[in-house]
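What follows is a short report on a single structure.
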Amino acid sequence: MSTLAKLLGQKEQLLARLEAGPGANERAEIQALLAKIETALKLLGTQDSAAAGEDQ
């Protein structure tokens, strides 16, 4: 499984946990994890774009 797929899977699980109505502390923890995942996804997107540009 690729890093991208793992990150997207984790994001999906965390979003499902948010929909379940967690307490304030758990909600804050989930939101922090989601922010980290979003950053990682953006970095992967940047790397993918750079790699695609090198191939041309």
Side-chain angles (χ1 to χ4, degrees):
M1 182 180 283
S2 71
T3 302
L4 179 60
K6 287 179 185 178
L7 288 170
L8 291 174
Q10 289 174 349
K11 180 179 177 181
E12 188 175 313
Q13 289 175 347
L14 290 169
L15 290 173
R17 283 175 56 191
L18 273 179
E19 289 179 10
N25 290 337
E26 186 178 2
R27 176 175 290 277
E29 181 181 334
I30 292 169
Q31 289 173 334
L33 290 169
L34 283 170
K36 288 180 181 181
I37 289 172
E38 286 298 323
T39 300
L41 289 170
K42 287 179 187 176
L43 289 172
L44 281 174
T46 302
Q47 288 176 354
D48 288 344
S49 298
E54 291 173 3
D55 290 343
Q56 293 176 346

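Source: prediction; values computed, not measured.
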*asked:* To the closest 0.5 Å, what do you measure between CZ (R27) and CD1 (I30)?
replied: 7.5 Å
*Just jot down the side chain to side chain contact (heavy atoms under 4.5 Å, CB included) partners of A5, sequence neighbours excluded, or say none.*
M1, S2
*Supply the atom-to-atom distance L8 CG to T3 OG1, rounded to the nearest 0.5 angstrom.*
10.5 Å
_Restricting to side chain to side chain donor-acceptor pair (under 3.5 Å), what partner residues turn up for R17, sequence neighbours left out?_
E26
_With K6 via salt bridge (charged side-chain N to carboxylate O under 4.0 Å, His left out) - residues at least two apart_ = none
_Test side chain to side chain contact (heavy atoms under 4.5 Å, CB included) applied to Q13 - qualifying residues, sequence neighbours left out_ = none
*All side chain to side chain donor-acceptor pair (under 3.5 Å) counterparts of E38, not counting sequence neighbours*: K11
_Going by side chain to side chain contact (heavy atoms under 4.5 Å, CB included), name the residues that satisfy it together with L33, two or more places apart in sequence or in a different chain._
L14, E29
*Roughly how far, to the nearest 0.5 Å, is CG of L41 from CD of Q10?*
9.5 Å
